[in-house]
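Below is one structure, written out as C-alpha cells; the observations come after it.
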Amino acid sequence: MSDVKLHPSWLTPLSAQFADPYMAKLKAFLVAEKAAGKRIFPAGSEWFRSLDLTPLDTVRVVILGQDPYHGPGQAHGLCFSVKPGTRIPPSLVNIYKEMESDLGISPARHGFLEHWARQGVLLLNSVLTVEQGLAASHQGRGWERFTDAVIAEVNHKPEPVVFMLWGSHAQKKAGMVDPRHLVLKAPHPSPLSAHNGFFGCRHFSKANAFLESKGLPPVDWQLPAIA
C-alpha cells in the first residue's frame with residue numbers, strides 16, 4: 001500500500017506488516033472489489049485515519065470497534081465516529097448517554113469524534129474497510145492481523161494505557177494486553193446490548209481516574225460544537 005497515509009510514528013513499528021505478503025493480498029482484494037464497481041467505505045485516504053490523527057507516542061486510551069459504518073457518508077476512519085452533518089448512529093447515541101450519566105456531559109449534537117483522537121484516544125476498528133450495505137463484508141481478509149499488530153505496539157508502550165473493550169468481539173483482545181495497563185470491559189453500546197451493562201459501566205471516569213493516578217492528563221471527553 002504505497003499510498004499509505006498515517007503518522008510517521010507508526011511507520012517504523014508497522015513496516016514489517018506493510019512488507020508482508022498478507023498485506024499485498026489484502027490490497028489486491030480491495031483493488032479487485034473497486035474494479036468490480038463495489039463501493040468501499042471509508043475512502044482510501046481515510047483507511048488509516050485513526051493512526052494518522054493519533055501518533056503512537058500519544059496513545060492514552062484505545063477504543064476498539066469492529067468494522068466501519070457501511071452507509072454512504074458515515075465512515076471516515078475512526079470507530080464509532082461519523083462525519084459532521086451525518087445522523088448520529090444508535091451506538092454512539094448510547095455512548096453519549098453513558099458519558100452524560102458518568103460525567104454530566106450533555107450529548108453532542110454531532111457524531112464527529114476527532115477531538116478525542118487528537119488527545120490520544122485511538123479509535124481503532126478491527127477491520128478498516130467495508131462494502132456499502134454489507135456489515136462485516138471485509139472480515140477475514142487480513143485487516144485483523146494488521147490491527148492486532150497495532151494493538152501489540154500500543155501494549156509495548158512504556159506508559160500505561162486504558163483499553164476500553166465493548167462487546168465480545170473487542171474483549172477477545174484482552175489477552176494481548178499486559179496487566180500494567182487498564183482493561184475496561186462492558187457490553188457493546190448497541191441498542192441490542194447496552195442495557196445489559198454498558199449503561200452504568202462508568203468507563204469514562206474510570207479511564208480518567210487511572211490516567212491521573214499515573215501522573216498522566218485526563219481526556220477531555222466534552223466534544224466541541226461544530227459550526
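FYI, side chains are in, hydrogens and waters are out, and symmetry mates aren't considered; it's all heavy atoms of this structure.
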* Asked: Got Val62 and Val162 here, is their nearest side-chain heavy-atom distance under 4.5 Å?
  -> no
* Asked: Is the closest side-chain heavy-atom distance between Ser126 and Asp67 below 4.5 Å?
  -> no
* Chi angles and distances behind the ring pair (Phe, Tyr, Trp, His ring centres under 6.0 Å) call for Phe198, His188 -> CA-CA 6 Å; Phe198 178 78; His188 195 276; 8.1 Å; no
* Closest non-hydrogen atom pair between Asn155 and Phe163, with its separation -> N-CZ, 4.4 Å
* Structure fact -> Closest heavy-atom pair, Ser81 versus Leu113, reported as atoms and distance to 0.1 Å, is OG-N, 2.9 Å
* Decide whether Asp102 and Ser205 meet the rule of one side-chain donor and one side-chain acceptor closer than 3.5 Å. => yes
* Structure fact -> Distance col, row Arg49:CZ vs Asp52:CG, nearest 0.5 angstrom, shows 5.5 Å
* Does the Glu100 side chain pair with the main chain of Lys97, one donor and one acceptor, at a distance under 3.5 Å? -> no
* Asked: Is a donor on one side and an acceptor on the other found under 3.5 Å between the side chain of His70 and the backbone of Glu131?
  -> no
* Quick one: are Leu223 and His110 in side-chain contact, heavy atoms under 4.5 Å? -> yes
* **Cationic N near anionic O, under 4.0 Å, Arg60 to Glu159** => no
* Under 3.5 Å, is there a donor-acceptor pair between the side chain of Lys83 and the main chain of Gly111? -> no
* Structure fact -> On a heavy-atom basis, the closest approach of Pro55 and Leu53 is CD-O, 3.4 Å
* Hphob cluster co-occupancy, Val154 + Val61, side-chain heavy atoms under 4.5 angstrom -> no
* Asked: Which heavy atom in Ser91 sits nearest to a heavy atom in Ser190, and how many Å separate them?
  -> OG-CA, 3.3 Å
* Taking side chain as C-beta onward, heavy atoms only, is Lys34 less than 4.5 Å from Arg39? -> no
* Apply the test side-chain hydrogen bond (donor to acceptor under 3.5 Å, both in side chains) to residues Trp143 and Thr129: give CA-CA distance (whole Å), side-chain angles for both, the deciding distance (0.1 Å), then the verdict. => CA-CA 8 Å; Trp143 280 129; Thr129 58; 2.8 Å; yes
* Please confirm whether Tyr96 and Phe80 have ring centers closer than 6.0 angstrom. => no
* Asked: Is the Phe18-Phe146 ring centre distance short of 6.0 angstrom?
  -> yes
* Asked: Distance-only, no hydrogens or angles: does the Ser50 side chain make a donor-acceptor pair with backbone N or O of Leu122 under 3.5 Å?
  -> no
* **Leu123-Leu92 co-clustered via ILVMFWY side chain contacts under 4.5 Å** => yes
* Asked: Linking I/L/V/M/F/W/Y whenever their side-chain heavy atoms sit closer than 4.5 Å, directly or via other members, would Met176 and Val161 fall into one cluster?
  -> yes
* **From Met164 atom CE to Cys79 atom SG, the distance as rounded to the nearest 0.5 Å** => 11.0 Å
* To do: Decide salt bridge (charged side-chain N to carboxylate O under 4.0 Å, His left out) for Glu98 and Arg202; before the verdict, give the C-alpha distance in whole Å, the side-chain angles of both, and the deciding distance to 0.1 Å.
  => CA-CA 7 Å; Glu98 175 56 24; Arg202 304 195 64 207; 6.0 Å; no
* What is the distance from atom CD of Glu144 to atom CD1 of Ile151, rounded to the nearest 0.5 Å? -> 10.5 Å
* Asked: Does the pair Val82 and Phe112 meet the rule for a side chain to side chain contact (heavy atoms under 4.5 Å, CB included), with working shown?
  -> CA-CA 5 Å; Val82 291; Phe112 191 57; over 6 Å; no
* Electrostatic pair Arg145-Asp20, nearest N-O below 4.0 angstrom -> yes
* Cluster overlap Leu124 with Trp47, hydrophobic side-chain contacts below 4.5 Å -> yes
* Asked: Would you say the side-chain atoms of Thr54 and His7 include a donor-acceptor pair closer than 3.5 Å?
  -> no
* Do Met23 and Leu26 have side chains that get closer than 4.5 Å, going by heavy atoms? -> yes
* May I have the step-by-step check of side chain to side chain contact (heavy atoms under 4.5 Å, CB included) for His138 and Ile40, ending in yes or no? => CA-CA 10 Å; His138 290 182; Ile40 306 300; 3.5 Å; yes
* Asked: Can you find a heavy atom in the side chain of Pro191 that is under 4.5 Å from one in the side chain of Val93?
  -> no
* To do: Quick one: do Asp148 and Lys173 satisfy salt bridge (charged side-chain N to carboxylate O under 4.0 Å, His left out)? Show the steps, please.
  => CA-CA 8 Å; Asp148 277 358; Lys173 309 298 183 183; 2.7 Å; yes
* Looking just at side-chain N and O atoms, do Asp220 and His115 make a donor-acceptor pair shorter than 3.5 Å? -> yes
* Do Phe48 and Leu11 belong together in a cluster built from hydrophobic side chains that touch within less than 4.5 Å? -> yes
* Is the backbone of Val219 close enough, under 3.5 Å, to the side chain of Asn208 for a donor and an acceptor to pair up by distance? -> yes
* Go through the steps for Leu128 and Thr147 under the test side chain to side chain contact (heavy atoms under 4.5 Å, CB included), then give the verdict. => CA-CA 9 Å; Leu128 300 187; Thr147 54; 4.1 Å; yes
* Hey, does Val150 have a side-chain heavy atom less than 4.5 Å from the side chain of Leu14? -> yes
* To do: To the nearest 0.5 Å, tell me how far Gln119 CD sits from Glu114 CD.
  => 12.5 Å
* To do: Identify the heavy atoms of Glu46 and Ala75 that sit nearest to each other, and give their distance.
  => OE1-O, 4.0 Å
* Asked: Checking side chain to side chain contact (heavy atoms under 4.5 Å, CB included) for the pair Gln139/Gln66: CA distance, chi angles, key distance, verdict?
  -> CA-CA 9 Å; Gln139 287 186 7; Gln66 198 156 346; 3.3 Å; yes
* Judged by atom type as modelled, is there a donor-acceptor pair below 3.5 Å linking the side chain of Asp178 to the main-chain atoms of Arg180? -> no
* Given ring pair (Phe, Tyr, Trp, His ring centres under 6.0 Å), test His76 with Phe41 step by step and report yes or no. => CA-CA 8 Å; His76 66 109; Phe41 298 135; over 10 Å; no
* Asked: Taking all non-hydrogen atoms of both residues, which atom of Lys157 and which atom of Thr58 are closest, and how far apart?
  -> NZ-N, 4.3 Å
* Output the distance between atom CD1 (Ile63) and atom CZ (Phe204), rounded to the nearest 0.5 Å. => 6.0 Å
* Asked: CG of Asn94 to OG of Ser193: how many Å apart, nearest 0.5 Å?
  -> 8.5 Å
* Is any side-chain heavy atom of Gln222 closer than 4.5 Å to a side-chain heavy atom of Leu103? -> no
* Ring geometry between Trp166 and His203 (parallel below 30°, tilted from 30 to 60°, perpendicular above 60°) -> parallel
